[in-house]
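Please read the structure below before turning to the comments.
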Amino acid sequence: AQSVTQLDSQVPVFEEAPVELRCNYSSSVSVYLFWYVQYPNQGLQLLLKYLSGSTLVKGINGFEAEFNKSQTSFHLRKPSVHISDTAEYFCAVTPARTGFQKLVFGTGTRLLVSP
Amino acid sequence: NAGVMQNPRHLVRRRGQEARLRCSPMKGHSHVYWYRQLPEEGLKFMVYLQKENIIDESGMPKERFSAEFPKEGPSILRIQQVVRGDSAAYFCASSPRDTGLEQYFGPGTRLTVT
């Protein structure tokens, strides 16, 4: 079974500052990794995903994430945040196997960007 | 191309009533997933359906919950005899393929049980 840990429940940051949201996972098999964003009262939107290849993955809205297999991490970063980035961010993992596999989500990190 | 539609967006039910949540997948998507998000928690997988088939329901509570995705019409998540602990946001996602790697989420239905 897989599990995801997002240690920071809330991350306050000032506008234009860099930010890193941490995600660690546990799995006995290879995995695919995802970051989703949830704006207030909306559904989840895929920011980026890692399936294979380069460990540095670029996503939408200027976000990127780096897959580190030895540290079982997939931290999300943005060099300069905007007020509009205020949202809940979820890391998710699924086994890297063919056919349907369930997405397992972390508990989320609330990013609060202030002026 | 409209996104995943869910209705109602908000639903209030008294204890013991039934709740019916609807999900219309994106056009061309024949795979639907239901998730539940309890307050202060991440999303938990409930069930995966294809047209007229339940593929994986390992996340569904054994009693009172059921789901269907008929040949015509939306997918329905049904909760019978609701209890306060059922209060949550229920999200539906759809995908064009069976791997689940490309899921598009709806805005969710927020169920409140009084």
Side-chain angles (χ1 to χ4, degrees), chain A residues 1-10 21-26 30-53 57 59-60 74 76 87-111, chain B residues 2-10 21 23-26 29-50 53-60 69 88-112:
Chain A
Q2 286 69 42
S3 67
V4 177
T5 301
Q6 293 181 250
L7 283 172
D8 304 307
S9 59
Q10 193 164 289
L21 306 183
R22 297 181 293 169
C23 171
N24 288 87
Y25 69 92
S26 172
S30 296
V31 294
Y32 298 139
L33 294 148
F34 306 79
W35 274 100
Y36 284 86
V37 59
Q38 183 181 28
Y39 297 104
N41 298 315
Q42 294 187 28
L44 275 69
Q45 180 182 2
L46 181 66
L47 272 178
L48 48 79
K49 63 187 176 194
Y50 171 78
L51 303 183
S52 64
V57 182
I60 61 171
F74 191 53
L76 181 71
E88 189 100 25
Y89 292 79
F90 292 96
C91 181
V93 65
T94 192
R97 295 198 283 254
T98 56
F100 171 70
Q101 302 294 332
K102 291 180 282 243
L103 279 175
V104 175
F105 285 87
T107 51
T109 296
R110 188 159 295 162
L111 177 63
Chain B
V4 177
M5 312 276 282
Q6 288 189 252
N7 66 80
R9 293 291 307 274
H10 300 275
L21 287 61
C23 168
S24 297
M26 287 180 71
H29 289 192
S30 57
H31 306 269
V32 166
Y33 317 83
W34 285 94
Y35 294 84
R36 178 164 65 174
Q37 184 180 30
L38 293 169
E40 307 302 321
E41 293 187 19
L43 278 71
K44 296 278 197 292
F45 168 81
M46 299 181 75
V47 62
Y48 162 43
L49 309 107
Q50 294 177 18
N53 283 306
I54 296 174
I55 306 302
D56 186 328
E57 58 180 345
S58 57
M60 286 276 272
F69 189 16
Y90 292 82
F91 290 95
C92 164
S94 73
S95 72
R97 279 171 282 280
D98 65 354
T99 60
L101 297 180
E102 195 179 341
Q103 295 186 32
Y104 296 84
F105 283 79
T109 294
R110 277 152 183 85
L111 172 66
T112 302

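Proteins get letters first, then strands, A, B, ... in listed order; numbering begins at 1 in each.
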So, the part of A:Tyr39 with a heavy atom under 4.5 Å from chain B: the answer is neither

Using a cut-off of under 4.5 Å on heavy-atom pairs, state which of B:Cys92, B:Ala89, B:Gly106, B:Gly59 scores highest against chain A.
B:Gly106

Side chain, backbone, both or neither of A:Gln45 within contact of chain B (heavy atoms, under 4.5 Å)
neither

At what distance, to the nearest 0.5 angstrom, does CZ of A:Phe105 lie from OH of B:Tyr35?
5.0 Å

Please report the interatomic distance CZ(A:Phe90) to CD(B:Gln37), rounded to the nearest 0.5 Å.
4.5 Å

Looking at A:Cys91, A:Gly43, A:Gly106, A:Gly108, which makes the most heavy-atom pairs under 4.5 Å with chain B?
A:Gly43

Between B:Gln6 and chain A, with a heavy-atom cut-off of 4.5 Å, which part of the residue counts as in contact: side chain, backbone, both or neither?
neither

Quick one: pull up CZ in B:Arg9 and CD in A:Gln42 and give me the separation to the nearest 0.5 Å.
8.0 Å

Nearest heavy atoms of B:Gln103 and A:Tyr36, plus distance in Å
O-OH, 3.9 Å

Among A:Thr107, A:Leu44, A:Leu103, exactly one meets side chain to side chain contact (heavy atoms under 4.5 Å, CB included) together with B:Leu43. Which residue is that?
A:Leu44

Counting heavy atoms not belonging to B:Met5, are there more than 12 under 6.0 Å from its CE?
no

